[in-house]
Amino acid sequence: YPNNRTLYSTIGNSSVLDRPSDVAVDANGRVFIADTRNNEIDVVAGSYSNGAISALNEPQGVTVDAFGKVYVANTNDHNVKVYYSNWLPYLTIGEYGTGVGQFDTPMDVAVSADGLIYVSDRFNHRVQIFWGNGSFKSVFGGNGSAPGQLDNPHQIAVDVNGLVYVADRDNARVQIFNADGSFNFT
């Protein structure tokens, strides 16, 4: 491995996982894998499979908040599914469309320390922000290449200071926004 890095462990293989696209780890060390083509989130604790969250449609992104809730970008159903830490459904955010609170291929989801939910909305070229209860708060981005505009946003992350990092795929950059969605820098 480059730079003297060591591969410590492997979870799954091509006979188990089919196009894994994201991974998250909760405070208890459980690993959540977005197993896209198997239409589920695989959950692994230690070296053992701990189950799966299924009945999804090509999930691309997964994250876990400080309380253990699991958030899934359920990409081809154009929504975000939220589950309690025991995998029981908590809420569903969005549906297909171009309006506020609607998605056209959500790719990833991130949750800030204060509980705001950020969703990269790929073909609407934007990021939508929701309150912790799933109600719409605001939106930022828009199709284009100028600073603050997005072209097929994919992965998204929020740091401890509330800055939002967006992988702006077709503009070949990562843009950084303030927690309210105002442009910070590229």
Side-chain angles (χ1 to χ4, degrees), residues 1-96 103-112 117-125 127-128 130 134 150-159 164-174:
Y1 288 90
N3 301 322
N4 297 319
R5 295 183 183 157
T6 303
L7 176 65
Y8 290 101
S9 180
T10 300
I11 299 172
N13 56 52
S14 61
S15 67
V16 177
L17 299 173
D18 192 356
R19 296 212 180 164
S21 59
D22 200 8
V23 63
V25 180
D26 73 7
N28 297 317
R30 293 184 304 174
V31 179
F32 297 80
I33 303 166
D35 191 357
T36 302
R37 290 286 172 92
N38 283 325
N39 297 310
E40 62 189 17
I41 301 296
D42 294 315
V43 185
V44 179
S47 59
Y48 301 99
S49 175
N50 206 21
I53 299 170
S54 56
L56 299 170
N57 192 351
E58 295 210 5
Q60 294 282 333
V62 61
T63 195
V64 182
D65 71 13
F67 302 101
K69 283 196 205 101
V70 180
Y71 299 75
V72 178
N74 193 22
T75 303
N76 285 355
D77 276 347
H78 307 284
N79 60 36
V80 171
K81 298 278 191 177
V82 184
Y83 299 87
Y84 290 105
S85 61
N86 61 3
W87 312 334
L88 291 175
Y90 172 63
L91 65 93
T92 299
I93 302 170
E95 61 186 8
Y96 179 75
F103 302 112
D104 186 353
T105 315
M107 295 302 293
D108 199 13
V109 58
V111 180
S112 66
I117 303 165
Y118 295 83
V119 182
S120 58
D121 188 3
R122 181 179 182 184
F123 292 123
N124 284 327
H125 308 286
V127 171
Q128 295 194 62
F130 298 87
L150 301 167
D151 190 359
N152 291 327
H154 273 242
Q155 302 312 108
I156 189 167
V158 181
D159 72 13
V164 181
Y165 296 76
V166 180
D168 187 8
R169 181 176 170 179
D170 288 353
N171 283 323
R173 62 188 178 190
V174 172

Going by side chain to side chain contact (heavy atoms under 4.5 Å, CB included), name the residues that satisfy it together with [X], two or more places apart in sequence or in a different chain.
| X | value |
| --- | --- |
| Asn86 | Tyr84, Leu88 |
| Phe67 | Asp65 |
| Ser21 | Ala34, Thr36, Gln60 |
| Val25 | Val31 |

Could you check whether any side-chain N or O of [X] sits under 3.5 Å from a backbone N or O of [Y], counting only pairs where one atom can act as donor and the other as acceptor?
| X | Y | result |
| --- | --- | --- |
| His78 | Thr105 | yes |
| Asn74 | Asp77 | no |
| Asp121 | Phe103 | no |
| Ser120 | Gln155 | no |
| Asn171 | Arg173 | no |

Give, for atom [atom1] of [X] and atom [atom2] of [Y], the distance between the pair rounded to the nearest 0.5 Å.
| X | Y | atom1 | atom2 | value |
| --- | --- | --- | --- | --- |
| Trp87 | Ser54 | CH2 | OG | 10.0 Å |
| Asp168 | Ile156 | CG | CD1 | 11.0 Å |
| Thr63 | Phe32 | OG1 | CZ | 10.0 Å |
| Leu91 | Phe130 | CG | CZ | 10.5 Å |
| Leu150 | Arg122 | CG | CZ | 13.0 Å |

Verdict with reasoning, Asn79 to Ile93, per side-chain contact (heavy atoms from CB on, under 4.5 Å): CA-CA 6 Å; Asn79 60 36; Ile93 302 170; over 6 Å; no
All ring pair (Phe, Tyr, Trp, His ring centres under 6.0 Å) counterparts of Tyr118, not counting sequence neighbours: none
Ring pair (Phe, Tyr, Trp, His ring centres under 6.0 Å) partners for His154, two or more places apart: none
Is [Y] close to [X] at the side-chain level, that is, under 4.5 Å between some pair of heavy atoms?
| X | Y | answer |
| --- | --- | --- |
| Val119 | Asp108 | no |
| Asn152 | His125 | yes |
| Val82 | Thr92 | no |
| Asn57 | Thr75 | no |
| Val158 | Val111 | no |

List for me each residue that meets side chain to side chain donor-acceptor pair (under 3.5 Å) alongside [X], sequence neighbours excluded, and say none if there are none.
| X | answer |
| --- | --- |
| Glu40 | none |
| Asn38 | Asp35 |
| Asp159 | Tyr165 |
| Asp42 | none |

Partner set under salt bridge (charged side-chain N to carboxylate O under 4.0 Å, His left out) for Asp22, not counting sequence neighbours: none
Any residue meeting salt bridge (charged side-chain N to carboxylate O under 4.0 Å, His left out) with Arg37, in chain and number order, not counting sequence neighbours: Glu58
Steps toward side-chain contact (heavy atoms from CB on, under 4.5 Å) verdict (Asp151, Arg169): CA-CA 7 Å; Asp151 190 359; Arg169 181 176 170 179; over 6 Å; no
For [X] against [Y], the heavy-atom pair lying closest together:
| X | Y | answer |
| --- | --- | --- |
| Pro153 | Met107 | O-CG, 3.8 Å |
| Val109 | Tyr71 | CG1-O, 3.6 Å |
| Val23 | Ile33 | CG2-CG1, 4.3 Å |
| Val72 | Pro59 | CG1-CB, 3.6 Å |

Pi-cation contact, Tyr83 with Lys69 (under 6.0 Å, within 45°): no
